[in-house]
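Whatever order the structure lists them in is the order used to number ligands and atoms, beginning at 1. For the single chain, residues carry numbers from 1 onward in sequence order.
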Amino acid sequence: MSERLRKILTLVFVREPGKILLGLKKRGFGCGLWNGFGGKVEKNETILQGAKRELVEECGIQADVLERIGLINFEFENDPVIMEVHVFLTFHYIGDPVETEEMKPEWYKDGEIPFNQMWPDDKYWFPYMLQKRKFEAYFLFKGMDTILDYWIKESLND
Ligand SMILES: Nc1nc(SCCc2ccccc2)c2[nH]cnc2n1
């Protein structure tokens with residue numbers, strides 16, 4: 001896997017006790033789905049800096065403390081590039097979420113997460129993230145809707 005082409009991306013979830021902030025993607029990759037906030041990591045920034053930047057750009061929230069909670073590799077059939085998504089979590093942030101051109105933010109109760117309007121893999125790894133259990137996962141997609149294969153495991157390392 002190491003010699004494959006990789007695209008490094010971030011995904012940030014903002015939490016309150018019993019609630020999670022999701023954004024409805026208004027354009028681009030994953031348009032029409034609820035997701036965390038994130039995107040590409042630029043050349044001149046670290047993954048953590050990229051995560052913080054995307055959170056501000058996409059919903060106006062500043063998170064000084066982001067905890068790395070997961071690492072997910074997404075592969076799409078017939079696409080040579082693997083998406084390496086670094087997932088972050090924060091309970092400590094500044095500002096109220098605002099709608100942007102990219103995202104429409106909404107708070108959801110943990111038991112009312114709209115998985116049927118989210119990427120199909122989310123229901124597999126959200127439980128780890130909601131319980132603050134670090135995880136690694138891999139999903140092989142056919143198109144945008146079908147998971148051909150996957151694994152997920154709890155990881156203890158940083
Ligand atoms: N939850 C979730 N997210 C993504 S992409 C997240 C990274 C990203 C990529 C492009 C723009 C913004 C954010 C997924 N891809 C396949 N399953 C998936 N599940």
Applying side chain to side chain donor-acceptor pair (under 3.5 Å) to R53 and not counting sequence neighbours gives E45, E57
Sorted by chain and residue number, the side chain to side chain donor-acceptor pair (under 3.5 Å) partners of D79 (sequence neighbours excluded) come out as none
Please check if the number of heavy atoms outside K142 that lie under 6.0 Å from its NZ is greater than 12. no
Where does ligand 1 get N/O contacts under 3.5 Å from the protein, atom by atom?
| unit_1 | atom_1 | unit_2 | atom_2 | d |
| --- | --- | --- | --- | --- |
| ligand 1 | 1 (N) | N35 | OD1 | 3.0 |
| ligand 1 | 1 (N) | D122 | OD1 | 2.9 |
| ligand 1 | 1 (N) | D122 | OD2 | 3.2 |
| ligand 1 | 3 (N) | N35 | ND2 | 3.0 |
| ligand 1 | 17 (N) | D121 | OD1 | 2.7 |
| ligand 1 | 19 (N) | D121 | OD1 | 3.3 |
| ligand 1 | 19 (N) | D121 | OD2 | 3.1 |
| ligand 1 | 19 (N) | D122 | OD1 | 3.1 |

ring-ring contact (aromatic ring centres under 6.0 Å, His included) pairs touching residues 76-104, sequence neighbours excluded, are F76-F141
Plane angle bin for W34 and Y108 - parallel if under 30°, tilted between 30 and 60°, otherwise perpendicular:
perpendicular
In terms of side-chain geometry, is the basic nitrogen of E154 or K134 positioned less than 4.0 Å from the acidic oxygen of its partner?
no
